[in-house]
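Working notes, beginning with the structure itself.
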4 protein chains.
Amino acid sequence: MDVAAPRHLNPRKRPRQARSTVTVEAVFEATIQVLLIEGVHRLTTTRVAERAGVSVGTMYQYFPHKQALLYALNERYLDRLADRVEDVCLRHHGVSTAIMVEALVTAYWEAKTERSDVTRVLYSSAVELDNEALIEAFARRMDRATTAMLATAPDADYADLDLINATLLSVIFGTVRNVFERNMPLTLQVEIRKQLVAMCLSYLKAAGG
Amino acid sequence: MDVAAPRHLNPRKRPRQARSTVTVEAVFEATIQVLLIEGVHRLTTTRVAERAGVSVGTMYQYFPHKQALLYALNERYLDRLADRVEDVCLRHHGVSTAIMVEALVTAYWEAKTERSDVTRVLYSSAVELDNEALIEAFARRMDRATTAMLATAPDADYADLDLINATLLSVIFGTVRNVFERNMPLTLQVEIRKQLVAMCLSYLKAAGG
Amino acid sequence: MDVAAPRHLNPRKRPRQARSTVTVEAVFEATIQVLLIEGVHRLTTTRVAERAGVSVGTMYQYFPHKQALLYALNERYLDRLADRVEDVCLRHHGVSTAIMVEALVTAYWEAKTERSDVTRVLYSSAVELDNEALIEAFARRMDRATTAMLATAPDADYADLDLINATLLSVIFGTVRNVFERNMPLTLQVEIRKQLVAMCLSYLKAAGG
Amino acid sequence: MDVAAPRHLNPRKRPRQARSTVTVEAVFEATIQVLLIEGVHRLTTTRVAERAGVSVGTMYQYFPHKQALLYALNERYLDRLADRVEDVCLRHHGVSTAIMVEALVTAYWEAKTERSDVTRVLYSSAVELDNEALIEAFARRMDRATTAMLATAPDADYADLDLINATLLSVIFGTVRNVFERNMPLTLQVEIRKQLVAMCLSYLKAAGG
DNA sequence: AATGAATGAGTTTTCATTCAT
DNA sequence: TATGAATGAAAACTCATTCAT
């Protein structure tokens, strides 16, 4: 994540010692728990601190205000998600387009749905958070990772790889969100996922695959 | 919209006289304005009432609580959106698949982006709103309208129209949301939209077009 | 009830025609119902009017404000109660002290307990109501009625009838309220009532009976 | 007071440190003052906090809502009252019935009338408060204390002490309330109190004294 | 005369943030 | 450094009363 966070959202200090890291982690976990159990509108600093087993005062040592906490939480989440997808992409350089797409969709889909409740509350926590920079940074990492991977496909040669890649990511990310936001039955989800892969492949083939 | 709303979100009274309708409309408009100008976390009943030029008391005669107001607002929005898309679908029965898809994507895309700020704030207003029923009802209307349209395509014959249709809608709706949430440059938006149409078409062709 | 009500609590007009009386009666009934079903803190003019089947506006024709309504309600209640007890007293002139006391306790006890829930909510409706005049007027009627009755007892001759009478009424009225406010088991209530009669009689005998 | 309070009326935290105790005490005092000066219907949390010299927020740390405050206030009052009466009873074990009754009536009467305005407003504060448990607990303590005392009377032997005791308490408590609620002239109050003692004694004598 | 929509001051309650200990 | 009591502005919501129709 190489994009500077909006200045006012910087955590007051970056945790360095072991104990701090543990505390920060506990606070993150507590935040998610409170969001899950009580909902955004009951997400209060006191409740988070209590659940994290620290005092509000201490929490304010690490996060100068509530927004900073939510910002950091989203940052952590997107960082981890990007890590996972990047990792998958790297491991699929040079394979066939079909396998690439399957791998990409699977990686993203599973990351989002294996804890779909957490995904959902994180979305809700981001409302009214100035997290464009975060999204942007995430998008850039994804762009790079998938572009790099697609470029190594032995069975394809795209005229405008950047556009094709941007389209692909928008479609995949958008569809996944749409599917789990609508709370579709699991069997339908699985089928749509297969169809999504098929759609991407027919698109890529037509585009130079 | 034939799915029952959660009981507690029902407006207190349905506006019948001209005056009431005007009031309710003013409140809706004011809500959107406040959301646009101040953001969700400054969306207070007082502010909405003030901007709508009515007293809080009056507002509470029509909406028993804030949630009910937001629910009704989203309902109105989705109803209108569904109206538009249904209308387009009806007017494209019997044309070629290519034209259908183009029309569908265009209709939805434009409805969402011609006031993308409004779309955005409406999404944010729906956070922590029990609006599954609304989404569900909207989805059902869309499903019916597009299925009916696709079934009349002279140049296609799908084995599993329902699944294909569900996929198509998830992809289109999801992609549109993703694109405008990421605040992409307009030129890229336009290109991706074209690519989206192309993708849908290659998918449909492969599926029986 | 010959004591003037505090000026600001006068009903705006005394109902004269048949229809008015019906309306006023309906409002009284509605008030009691709302008190019973919703409690004092949910006793609103709108709710009463609605339950009475009239509009708030109409209600305000008869009672210039909420207090006036409650005042009138309590007045009506105390008037009726006084009527009943007076009636019993009159019918027991000249009988033995034992029968008088039994009759008095029975009349009051039953009037209070036959609808103990109503009694209770009326007490609660009177809180913060300037109803001293009402109480006073009621007390005076009772005083007169029982003094007059006791004076005709063939088996007694009291040195200070007024004091004895005042004591008797305070004890009877107070005990009844205490018993039903404490929500005692019915069997205990019945026994205490018997004991109360016994106590009054032993007192009167000692005092000149 | 060994009867559990309704759960939702429990104070949020029990004051432990000196400062807390002072705050809670100040809030109690302020509540009484506001009740005295402004009346129940002007008893607002803000006014109480202001008068107590604390912020509303602080008040809400000790009492989760208005009802809890009123409940605690009544509890404190009844506890103290019970303490006083119990104390008097203990100190009169073994004396003559006449002295017992005199002591009991005096203790209760004085506790209630020495600050009759406070007594009155506390009654009014309890309207619509689910304080049955409180009353019950108080009644039980009184029952025990007076039964124990009466049992030690050298000049009496009661067949059914429990019933006699219950009657006695109902009569005494009820009469006291009736007398001071009617705002009788002081001289009459004094006389009635004497009569009440006389009445109780003649009753007890007849019952086995 | 009857209606009931509109008013807005007033109420309870919450919660981010500070700061004395 | 950690704590958590205290703060008070701000929020949602109510309801007695008025007055145009």
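What you see is a predicted model, and the numbers here were worked out from it, not measured in a lab. Side chains included, hydrogens not; waters and symmetry mates left out as well; all remaining heavy atoms used. Protein chains get the first letters and strands the later ones, always in sequence-line order, with residue 1 at the start of each.
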Any B:R47 side-chain nitrogen or oxygen under 4.0 Å from OP1 or OP2 of F:dA11: yes
Pairing of C:E29 and C:R76 as salt bridge, 4.0 angstrom limit: yes
B:Q67 CD to F:dA11 C1', straight-line distance once rounded to whole Å: 14 Å
Contact nearer the 5' end of DNA chain F, comparing B:T58 with A:G53: A:G53
Pairwise 5' ranking along DNA chain F for D:V54 and B:K66, keeping only the more 5' one: D:V54
Atom-to-atom span, CG of B:L69 to P of F:dA11 - whole angstrom: 15 Å
For F:dA20, the Watson-Crick or wobble partner whose two distances fall under 3.5 Å: E:dT3
Separation of E:dT14 P from D:H65 NE2 (nearest whole Å): 10 Å
Identified pairing partner of F:dA10, criterion: Watson-Crick or G-U wobble below 3.5 Å: E:dT13
Residue whose nearest DNA chain E nucleotide is more 5′ - D:T44 or A:T44: D:T44
For atom CE of C:M59 and atom P of E:dT3, their distance in whole Å: 12 Å
Matching residue for D:F28 among D:F63, D:Y71, D:Y62 - test: ring-ring contact (aromatic ring centres under 6.0 Å, His included): D:F63
Whole angstrom value for the distance that separates C1' of E:dG4 from OH of B:Y62: 10 Å
Distance, rounded to the nearest Å, where D:H41 contributes NE2 and E:dT11 contributes P: 9 Å
A:V34 backbone acceptor or donor facing A:R42 side chain under 3.5 Å: no
Euclidean distance, atom CZ of residue B:F63 to atom P of E:dA5 [Å, nearest integer]: 14 Å
Donor-acceptor contact present, side-chain D:T31 to main-chain D:V27, <3.5 Å: yes
Close aromatic pair by centroid cut-off 6.0 Å: D:Y123 and D:Y77: no
Distance, rounded to the nearest Å, where A:Q61 contributes CD and E:dT18 contributes C1': 12 Å
Base-pairing mate for F:dC15 - Watson-Crick or G-U, with both contacts under 3.5 Å: E:dG8
Nearest-nucleotide pick for B:Y60, side chain only, options being E:dT12, F:dT7, F:dA12: F:dA12
Short side-chain N/O contact to E:dA16 OP1/OP2 from A:T45, under 4.0 Å: yes
